Amino acid sequence: MRNMRVVTESHQLAIIINRRAADVYAYASDPGHLPEWAAGLAGSIDFVDGQWIADTSMGRIFVVMVGQNEFGVLDHFVTLPDGHMVYNPMRVTSIGESSEVVFSLRRETGMSDDVFAADVAAVRSDLVSLKTILERQAHN
């Protein structure tokens, strides 16, 4: 794919959410919910002319989610203001009445240890937010 950089490392972050996988998938697959749980990605997001456009601290970005599917695939592409595209593999799988969400964070060529560590921490925080929101919804 054009505008994508070479990946040199992949780090998987996972979290168990005490909600059925179908519930987690339904919520997380809706880009409109991103500002609620993905603080690093979107302060606000709107669907404009067939595209999800988010305003972030980096500037305006575009988010494209894979289509709805029965496999729990939540992969998405983020196009940054400079035109660089980041592919983010993400899955939700069933563990009985709970689920596991796995996000593969990819380190690109030239990314410093500090920047990659900050990305890992940000994604981990986002996953904890996702868990908190979904488990809170289950109790309301």
Side-chain angles (χ1 to χ4, degrees):
M1 206 152 233
R2 65 186 177 111
N3 294 332
M4 292 182 72
R5 297 184 184 132
V6 175
V7 172
T8 60
E9 180 182 346
S10 181
H11 183 82
Q12 283 65 47
L13 295 113
I15 196 162
I16 303 298
I17 300 178
N18 294 316
R19 290 286 302 270
R20 294 179 327 111
D23 297 335
V24 174
Y25 180 82
Y27 179 84
S29 66
D30 181 349
H33 291 295
L34 285 172
E36 298 167 17
W37 66 273
L41 182 59
S44 67
I45 192 164
D46 295 298
F47 193 67
V48 179
D49 296 328
Q51 294 185 326
W52 286 100
I53 302 172
D55 290 316
T56 72
S57 61
M58 299 176 287
R60 181 164 282 188
I61 63 169
F62 297 87
V63 179
V64 177
M65 300 285 292
V66 297
Q68 292 288 311
N69 62 84
E70 62 186 274
F71 305 108
V73 176
L74 295 167
D75 293 7
H76 52 285
F77 292 88
V78 176
T79 303
L80 302 175
D82 67 0
H84 170 75
M85 184 181 295
V86 179
Y87 170 57
N88 299 292
M90 188 173 173
R91 306 286 187 279
V92 59
T93 57
S94 180
I95 305 175
E97 291 299 309
S98 295
S99 59
E100 178 182 41
V101 176
V102 179
F103 187 103
S104 295
L105 183 62
R106 295 176 166 184
R107 182 177 187 160
E108 298 174 341
T109 301
M111 185 180 281
S112 72
D113 291 344
D114 289 343
V115 169
F116 190 61
D119 281 355
V120 168
V123 171
R124 184 174 286 119
S125 178
D126 290 347
L127 292 176
V128 169
S129 293
L130 180 63
K131 173 184 176 75
T132 301
I133 289 166
L134 286 164
E135 289 181 357
R136 187 177 301 135
Q137 284 179 354
H139 293 107
N140 290 337

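The figures that follow rest on heavy atoms only: side chains count, while hydrogens, waters and symmetry mates do not. These numbers come from a predicted model, not from an experiment.
Evaluation of the side-chain contact (heavy atoms from CB on, under 4.5 Å) rule for Glu97 yields Arg20 as partners, not counting sequence neighbours.
Residues Val78 and Phe47 share a single hydrophobic cluster, defined by chaining ILVMFWY side chains whose heavy atoms lie under 4.5 Å apart. Grouping the Ile, Leu, Val, Met, Phe, Trp and Tyr side chains by contacts below 4.5 angstrom, directly or via other members, places Ile133 with Val128. Residues Val63 and Ile53 do not share a hydrophobic cluster, defined by chaining ILVMFWY side chains whose heavy atoms lie under 4.5 Å apart.
The shortest heavy-atom contact between Trp37 and Ser129 is O-CB, 3.6 Å. Closest approach of Val66 to Val73, counting heavy atoms only: CG2-O, 3.6 Å.
In this structure, Ile16 CD1 and Glu100 CD are separated by 4.5 Å, a value rounded to the nearest 0.5 Å. Considering CZ of Phe77 and CG of Asp75, their distance stands at 7.5 Å, rounded to 0.5 Å. Considering OH of Tyr25 and CG of Asn69, their distance stands at 4.0 Å, rounded to 0.5 Å. With rounding to the nearest 0.5 Å, the separation of CD in Glu135 from CD1 in Ile17 is 7.0 Å. Atom CG of Leu130 sits about 10.0 Å away from atom CZ of Arg19, to the nearest 0.5 Å. The CD1 atom of Ile61 lies 8.5 Å from the OG1 atom of Thr79; values are rounded to the nearest 0.5 Å.
In this structure, Phe62 and Val64 have side chains that are not in contact, with every pair of non-hydrogen atoms separated by 4.5 Å or more. Taking the side chain as every heavy atom from C-beta outward, Met90 and Val102 never approach each other to under 4.5 Å. Side-chain atoms of Arg60 and Pro81, non-hydrogen and from C-beta on, never get closer than 4.5 Å to each other. Under the 4.5 Å side-chain criterion, counting only non-hydrogen atoms from C-beta, Asn88 is not in contact with Ser104. Between Leu34 and Glu36 the shortest side-chain heavy-atom distance does not fall below 4.5 Å. Side chains of His11 and Arg106 form no contact here, defined as non-hydrogen atoms less than 4.5 Å apart. Counting heavy atoms from C-beta on, the side chains of Tyr27 and Leu134 come closer than 4.5 Å. Looking only at side-chain heavy atoms (C-beta outward), Val92 and Leu74 come within less than 4.5 Å of each other.
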Hey, mind stepping through Leu105 and Gln12 against side chain to side chain contact (heavy atoms under 4.5 Å, CB included) and telling me if it holds? CA-CA 6 Å; Leu105 183 62; Gln12 283 65 47; over 6 Å; no
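Counting heavy-atom neighbours within 6.0 Å of Glu70 CD, excluding the residue itself, gives a total of 12 or less.
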Taking only distance into account, with no hydrogens and no angle test, what donor-acceptor pairs under 3.5 Å do side-chain atoms of residues 113-124 form with protein atoms, sequence neighbours excluded?
| unit_1 | atom_1 | unit_2 | atom_2 | d |
| --- | --- | --- | --- | --- |
| Asp113 | OD1 | Arg107 | NH1 | 3.2 |
| Asp113 | OD1 | Arg107 | NH2 | 2.5 |

